[in-house]
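See structure below.
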Amino acid sequence: MNPARIAALVGNPNAGKSALFTALTGARQKIANYPGVTVERRAGRLVLGDGQVATLIDLPGAYSFDSTSPDEEVTRKVVHGELPGEAQPDVLIAVLDAANLEHHLVFAQEVIEVGLPVVVALNMMDLAERDGLVIDPAALSSALGVPVVPTVAVRRKGLAELAAAVAAAEGTSRQPNPHVTLPERRLTARNIAKAAILSRSGAHMVHAGLDKVLLHPWLGPVILFGLLFVMFQAVFAWASPFADGLEALAAMASDAIKGAMAPGIGRDFLTEGVIAGVGSVVVFLPQIVILFAFILVMEATGYMARAAFLMDRMMAGVGLSGRSFIPLLSSFACAIPGIMATRSIADPKDRLTTILIAPLMTCSARLPVYAVIIAAVIPATSVGPGVGLQGLVLFALYVAGIVGAMGAALVLRRTVTKGAASGFIMELPRYQLPLLKDLLIGLWQRAWVFLRRAGSIIFVVTIALWLLLTFPRAGEDESQLDASYAGQLATAMHPVFEPIGFNREMTLALVPAMAAREVAVSSLATTYAVDSEDEEAASAALGVEIAKRWSLPTALAFLAWFVFAPQCISTIAVARRETNGWKWPGVMLAYLFALAYIFAGITFWGATALGL
Amino acid sequence: MTLDLLGRGIAARITAVDWAVLAPEEGKRLRALGLDEGAEVEVVHRGVFAGRDPLAVQVGTMTVALRRVHAAAMTVEAL
């Protein structure tokens, strides 16, 4: 086989394809999207038995070529050589879960019927043996008419044999045979499985016992919420030393440049534009890595499907399914990984709705804004034993985001993302212990995707924003913020925001906050000329200024604005990437700004009417 | 009796499926997962909240989660 040759892994979801792919190719994988769709394409190098090399691609899991999801559609098209820009594979590796043989043989027959050379990888043999199954690969091979290689991807067993079989299989194509019906395939699968399974001794099924606890009617949700509590603690507590470290690193880089360069626009560009801008996004890397560590472990062990099962009823109430739960949950840390996690949602309408409402989950970047303003205008009184008014307001803001998201989902599902209710039909895979190396590779890939984005589109956008804030240069007696294009923009925008109680400084703060919400705080600090090297002193001083200058209705309106406003260009950029176009990010911007304006207005007018 | 009314832990066989009440995609997916006429099934788990929805059904060696509306389209007889 020459390097231009392609082998592809095909099989049911949960057949252990990804683990096999990682085992065969190692950490050097190329991840991209298939042209025109947001289905992930994974490719790597497969070293064949004879020392030659082929490209190995990991096709999305499918139950059938009669596709019901974008993932299955891609698999069908690639296998049949019908996806433009993607070559038809030369050899197919049909991956079967040995412990789920009869089910997986149904799709395997369909794969063999295509007519391309096929090698069957009888995967997860260890789990089958654990369940007391003894399978005869030779019997399976003669029944299917293709070579069968037993493998254990997580233990790296059978890989060399598989590679050799792939090399030998080239050119062994058969006549395509597309006229078999599903019931016929199912019957064949049953007979083949029956013949190949030599014995089935007391299958003790570890996962059935685990499910008794994890899907228990009341214990299950308690465990899920306990786990989520730990996850959030980890995201916020464990990440902060690393985030502080990254901030310190950015400050050091900034200082180094200040020391090395003469004051001027070039130096400001590097320190205030490049380092401050990209730094403000990169500080979220530790949170994102920790969040994804939890998500990857939940996915790899099989728990994620159980979480979806437990949450489905609640999500069904607003027209979504249990699968939307985890992406929305991730969005509490940051909408970017949340939107990235929607890829696991099979139904395109469900996925789109989830992407559109993800920014309503209160992300960690809103916290600095909330904290400063609540501390400034809400008295630290107690409203009950152990319940402070400030904490209550913060809680209310989180709830407002969730309620807003649920309401938005309800409305979106009946208007722009209208369609048949997607239902909730999914396999609950068996529990497995993932391999640490596979988890680390997955984590590295997520982190890299995030960093690459920070280095490209977010970089460009923050530079653009810096230019708007820096030019034209201010004269003697005016502040730079006032004189800049951004300042002029704020002046022009102010009449729009005046009715909902925003003063000019607030309007001005909204412009740089488009880069990242927490920048609103530093922008207000600049406008009110509170400048302090010490962060805590600065935020306290800013609080004093805000308390002096803002009325309570104005401050509340500002908080309400941040509950809804899509104040984050990175999120919009990710939404564009994941939806392949500007249409849906446009819808997102429009409806979120409209909600923000309306609710800030209602808050302002309501609070004013109440005489607050 | 339909599958949504089947008690937990009772083995049953699907005797008929009213595909017309299911969306075409849902029908395809259920069939792909082996939930079809003739399949031997057992309800292993039920949801927590109102309506005890969704439910988890054992089909052979596989566990499949589905909603009550889907299960209601399937007629079963206890084995």
Side-chain angles (χ1 to χ4, degrees), chain A residues 12 14 62-64 66-69 72 97 99-104 106-107 128 131 133 182-183 186-187 189-190 193 203 205 207-208 211-212 214-221 305-306 308-314 316-317 321-322 346-347 419-430, chain B residues 2-4 7-11 13-74:
Chain A
N12 286 46
N14 309 313
Y63 291 102
S64 152
D66 192 6
S67 37
T68 59
S69 74
E72 287 185 340
D97 172 5
N100 235 335
L101 193 58
E102 190 184 319
H103 277 296
H104 287 197
V106 178
F107 182 48
D131 286 350
L133 285 176
L182 180 59
R186 230 182 256 143
L187 192 67
R190 169 164 300 191
M205 299 279 188
H207 71 285
D211 267 347
K212 278 213 168 64
L214 296 176
L215 293 183
H216 188 277
W218 58 265
L219 209 53
R306 274 74 185 181
F309 181 85
L310 291 170
M311 295 311 296
D312 180 62
R313 186 64 192 83
M314 265 161 97
S321 85
D347 183 89
S422 61
F424 175 67
I425 301 168
M426 73 185 291
E427 182 184 348
L428 300 180
R430 282 170 311 133
Chain B
T2 48
L3 180 59
D4 58 321
R8 247 182 46 166
I10 299 170
R13 177 183 287 116
I14 299 177
T15 52
V17 183
D18 185 0
W19 297 113
V21 302
L22 298 168
E25 299 290 297
E26 291 174 349
K28 262 192 213 174
R29 187 146 278 256
L30 288 170
R31 280 194 296 274
L33 288 166
L35 283 163
D36 201 347
E37 281 145 26
E40 289 176 20
V41 293
E42 179 190 324
V43 176
V44 281
H45 299 282
R46 277 175 183 280
V48 204
F49 302 104
R52 313 272 282 140
D53 205 13
L55 42 147
V57 173
Q58 185 78 36
V59 199
T61 48
M62 200 154 73
T63 313
V64 177
L66 69 162
R67 287 199 181 146
R68 284 188 61 161
V69 283
H70 308 128
M74 300 176 180

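Letters A, B, ... mirror the listed sequences (proteins, then strands); counts begin at 1.
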Please evaluate residues B/Thr61 and A/Arg430 with respect to the criterion side chain to side chain contact (heavy atoms under 4.5 Å, CB included), reporting the C-alpha separation (whole Å), side-chain torsions for both, the decisive distance (0.1 Å), and the verdict. CA-CA 10 Å; B/Thr61 48; A/Arg430 282 170 311 133; over 6 Å; no
Quick check: do B/Leu33 and A/Ile425 have side-chain heavy atoms less than 4.5 Å from each other? yes
How about B/His45 and A/Leu428: do any of their side-chain heavy atoms sit closer than 4.5 Å? no
Of all of B/Ala32, B/Pro54, B/Gly60, which one pairs up most often with chain A through heavy atoms under 4.5 Å apart? B/Pro54
Greatest number of heavy atom pairs closer than 4.5 Å to chain A - which of B/Lys28, B/Arg31, B/Glu25: B/Lys28
Nearest-0.5 Å distance that lies between atom [atom1] in [X] and atom [atom2] in [Y]:
X       : Y        : atom1 : atom2 : value
B/Arg46 : A/Phe309 : CZ    : CZ    : 9.0 Å
B/Arg67 : A/Asp312 : CZ    : CG    : 4.0 Å
B/Arg29 : A/Glu72  : CZ    : CD    : 5.0 Å

Against chain B, label A/Leu182 side chain, backbone, both or neither, depending on which of its atoms sit under 4.5 Å from a heavy atom there. side chain
Between A/Glu427 and chain B, with a heavy-atom cut-off of 4.5 Å, which part of the residue counts as in contact: side chain, backbone, both or neither? both
Largest heavy-atom contact set with chain B, pairs under 4.5 Å, which of A/Ser64, A/Gly322, A/Ala316: A/Ala316
Heavy-atom pairs under 4.5 Å with chain B are the metric here; pick the option from A/His216, A/Arg186, A/Met426, A/His103 that has the most. A/His103
Whatever's closer than 4.5 Å to a heavy atom in chain A on B/Val59 counts as both
Residue part contacting chain A, namely of B/Leu55, when any heavy atom lies under 4.5 Å: backbone
